[in-house]
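Accompanying notes for the structure given below.
Residue numbers begin at 1 in each chain, while the letters A, B, ... track the order of the sequences. Note that this is a predicted model, so its numbers are computed, not measured.
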Number of protein chains: 2
Amino acid sequence: MATITDVARAAGVSPATVSRVFNGGRVTPERAERVRRAAADLGFSPNRVAQSLRKQRGSVIGLLIPDIENPFFTALARGVEDAAQQTNLSVVLCNTDEDIEKERRYLGIALAEQMAGVIVAAASRDRTDLSALAARGMPVVAVDRRPRNAPVDAVLVDNQHGGEAATEHLLAGGYRRIACITGPAATSTSEERLAGYRDVLRTALHDGRVPAPPTGDPLTAWVRHADFKVEGGRAAMADLLAMETPPDAVFVANNLMTVGALTALREAGQTPPGFGVLSFGDVPWAALVHPSLTTVQQPSYDLGFTAATLLQERIGGTNTPLRTVVLRTALKIRASTAGPAPQDLAASP
Amino acid sequence: MATITDVARAAGVSPATVSRVFNGGRVTPERAERVRRAAADLGFSPNRVAQSLRKQRGSVIGLLIPDIENPFFTALARGVEDAAQQTNLSVVLCNTDEDIEKERRYLGIALAEQMAGVIVAAASRDRTDLSALAARGMPVVAVDRRPRNAPVDAVLVDNQHGGEAATEHLLAGGYRRIACITGPAATSTSEERLAGYRDVLRTALHDGRVPAPPTGDPLTAWVRHADFKVEGGRAAMADLLAMETPPDAVFVANNLMTVGALTALREAGQTPPGFGVLSFGDVPWAALVHPSLTTVQQPSYDLGFTAATLLQERIGGTNTPLRTVVLRTALKIRASTAGPAPQDLAASP
DNA sequence: GTGAAAGCGCTAACAA
DNA sequence: TTGTTAGCGCTTTCAC
């Protein structure tokens, strides 16, 4: 592998000059040309490791996501990658598996590899610790999920609003016993979507538009926390269906749990829209699901693209105050929430 | 950030001793303990960039895959990651997008970052160029797809056999006009799966078990090449259905194209098993697809795990001759190939 | 505009 | 077993 010194010798200049040619320093055109030719001849390409060591900063950005098998995050990753192309930073994808320990390890690696910056969808709102990076002055952008008390830029969606819109829509469709399957309580997105659900439901209960469940806190009885995975969604839905007074619709807080919930419904012989189903986030290959699913659409790609853009600004040295960008979701109405089955309507008082 | 020199000073030893403590050199227990304590106090963790520069080899392995949005590859990636944990190498995921140029860039980065090794699912059988890595002595393992003439270890599945089993099964189910939607001709997996289809079909034509299509080469008439993506599968299926004598079953060479093909079938008012559908590779969230799909199951996770294991052996310095590991696929029979509709049976002579 | 020289943090060869 | 020393390939003063 040719080094900068080899090129310098071949071009009859000093290594410093070669470096300048490749980094936009001032060099007379004639010598620059000689250097470039020599470099091409030798197949030289600068050693990024040496560059990183010397500059105390690499040209890789780390992207920490909790579930590489969730299409939401792969779309987000694509957004990050596309944005990163612009500055020829490369992206390292790290799958944290919703595991705080794995996440901690990867953050350590980011530090040890002197990465240029990190984009993180935090495994936990409270336990994700970004302080070491901050201390080192490494730029960090939080994406999708907001870690508490971390002094970082953030790119999020309007989760609460999405949760509200979803629940309103189910109410408007005639459903009266609306359940919610949300994610881990330690995740900001879970809680915000749930909060949206609760706010709308509270009002509806107050108005008398909706009956209270026979037992328990009406804002809790039909709520289940799961793990954002398919199997978790299935189990939660099965649990809801086994209740004495089961719900007649469900708002599911992410795409994979919706897949699980639909499976459980089918096993129980229920189908939308007789039983209403609304998913936060598009279900992958939803075209194959019948009936088509009403969803709160997430701008997953843009989430990634925006985060990478902000990060690159910081890496470039921007000193603006911390920014939080909130991207809009949109309710996409399809068939799965068209209204409860007639017998259900008759049965409700 | 504390350096090895800081730790050395704090512990009253030389930097070399500190290095030895962290790399398994011989150090008296007492001093080793002092070093460890000092390191802990200072929050020291070795600078991986400096390590890489000095050792001329990093602790990152590159994984180049053609489509990060395909669950087959994300499962494979998980396998790689899990295997890599064992030697605490980290994995950089690079999405080449089936684009030979992007792939070339990433291979260059692998070199410039002095990665420990590379696992690659080649974008092209003929045009993927691994020679620069070979020249540099960087270990490489090909996974899923075999690049031609590259002197590297490979981990593959028995594509041809899978294609044969699939076609046999459709024949046995009573389908008589079996189409094949395969991937790009430049990809080894496409061609091998197609070869399996053709071999079985050729025999069946010869035996007279199957009628030749009215026009064209019987081994080509019902074959379509697409791009391994959903939309490509949809278009290919639509094209097949528009034929004067359309097929009555299809063998689709990958999971995403199957999603597309199913969409096209639905649009045309056809449903399995009346129209037989068999997918090479599991369709994501297949549980939601009705009827359930017969598939050639791929060991995607193991593909990745095995590849990473081989790679790590090479990185460790194994000098065994080149190995090709072929993993078995398994035909998983479900409902989508249960046999053609009665009227079709009646109609065929 | 150019080159000489120092040094980023670490490890490996050698000497003690 | 331990320390000293050199150097991985690059960028960046600093002097010219």
Side-chain angles (χ1 to χ4, degrees), chain A residues 1-36 38-39 42-60 108-116 136-138, chain B residues 1-36 38-39 42-60 88 108-116 136-138 317:
Chain A
M1 209 86 238
T3 75
I4 210 173
T5 324
D6 300 330
V7 177
R9 192 165 23 235
V13 300
S14 77
T17 301
V18 179
S19 172
R20 288 186 189 109
V21 170
F22 284 96
N23 296 286
R26 315 211 164 292
V27 180
T28 46
E30 185 266 331
R31 318 188 94 202
E33 185 45 35
R34 239 168 51 221
V35 168
R36 256 186 278 276
L42 296 171
F44 168 78
S45 95
N47 182 321
R48 296 235 244 165
V49 178
Q51 286 183 323
S52 301
L53 180 60
R54 175 62 231 237
K55 297 212 262 210
Q56 303 280 48
R57 163 167 293 176
S59 43
V60 166
I109 291 175
L111 230 31
E113 293 274 6
Q114 296 184 182
M115 290 185 185
R136 221 331 191 59
M138 182 178 293
Chain B
M1 210 84 236
T3 75
I4 212 173
T5 325
D6 300 330
V7 176
R9 193 167 22 236
V13 300
S14 79
T17 301
V18 179
S19 172
R20 287 185 191 109
V21 170
F22 284 96
N23 294 289
R26 314 213 165 293
V27 181
T28 46
E30 186 266 332
R31 316 188 93 198
E33 185 46 34
R34 239 167 51 220
V35 168
R36 255 186 279 276
L42 296 171
F44 167 79
S45 94
N47 182 321
R48 296 234 241 165
V49 178
Q51 286 182 322
S52 302
L53 180 59
R54 176 61 233 234
K55 297 211 261 209
Q56 303 280 37
R57 163 167 292 176
S59 42
V60 166
N88 71 73
I109 290 175
L111 231 31
E113 293 274 5
Q114 295 184 183
M115 290 185 185
R136 225 322 192 64
M138 180 177 294

- Note on the structure: Angle separating the five-pair end axes of the helix from C:dG1-D:dC16 to C:dA16-D:dT1, nearest 10°, is 40°
- Message: Base contacts versus sugar-phosphate-only contacts with protein, heavy atoms under 4.0 Å: please encode nucleotides 6-16 of chain C as B, S and - from 5' to 3'.
- Response: BBBBBBBB---
- Applying the side-chain hydrogen bond (donor to acceptor under 3.5 Å, both in side chains) test to B:Asn47, which of A:Gln114, A:Glu113, A:Gln56 qualifies? A:Gln114
- Message: Looking at every non-hydrogen atom in both residues, tell me the closest pair between A:Pro46 and A:Gln51 and how far apart they are.
- Response: CB-NE2, 3.7 Å
- Which residues satisfy the side-chain hydrogen bond (donor to acceptor under 3.5 Å, both in side chains) test with A:Arg48, sequence neighbours excluded? A:Ser59, A:Ser90
- In chain order, what residues pass the side-chain hydrogen bond (donor to acceptor under 3.5 Å, both in side chains) check against A:Arg136, with sequence neighbours excluded? none
- Task: Sort out for me which residue in A:Val7, A:Val27, A:Val13, A:Ile4 forms a side chain to side chain contact (heavy atoms under 4.5 Å, CB included) with A:Val21.
- Result: A:Val27
- Task: Could you pull out the closest heavy-atom pair between B:Phe22 and B:Val35, with the gap in Å?
- Result: CE1-CG1, 4.4 Å
- Item | d(CZ, A:Arg31; C1', C:dT2) in whole Å | 6 Å
- What one should report as the nearest heavy-atom pair of B:Met1 and B:Asp6 is O-OD2, 4.2 Å
- Task: Taking all non-hydrogen atoms of both residues into account, name the closest pair between B:Gly58 and B:Ser52 and its distance.
- Result: CA-OG, 3.4 Å
- Message: Tell me the closest heavy-atom pair linking B:Ala11 and B:Ala38, and the distance in Å.
- Response: CB-CB, 4.0 Å
- Task: For A:Ser14, check side-chain hydrogen bond (donor to acceptor under 3.5 Å, both in side chains) against everything at least two apart and list the hits.
- Result: A:Thr17
- Note on the structure: Nt span of DNA chain D in reach of chain B heavy atoms at under 4.0 Å, 5' end first, is D:dT1 to D:dG9
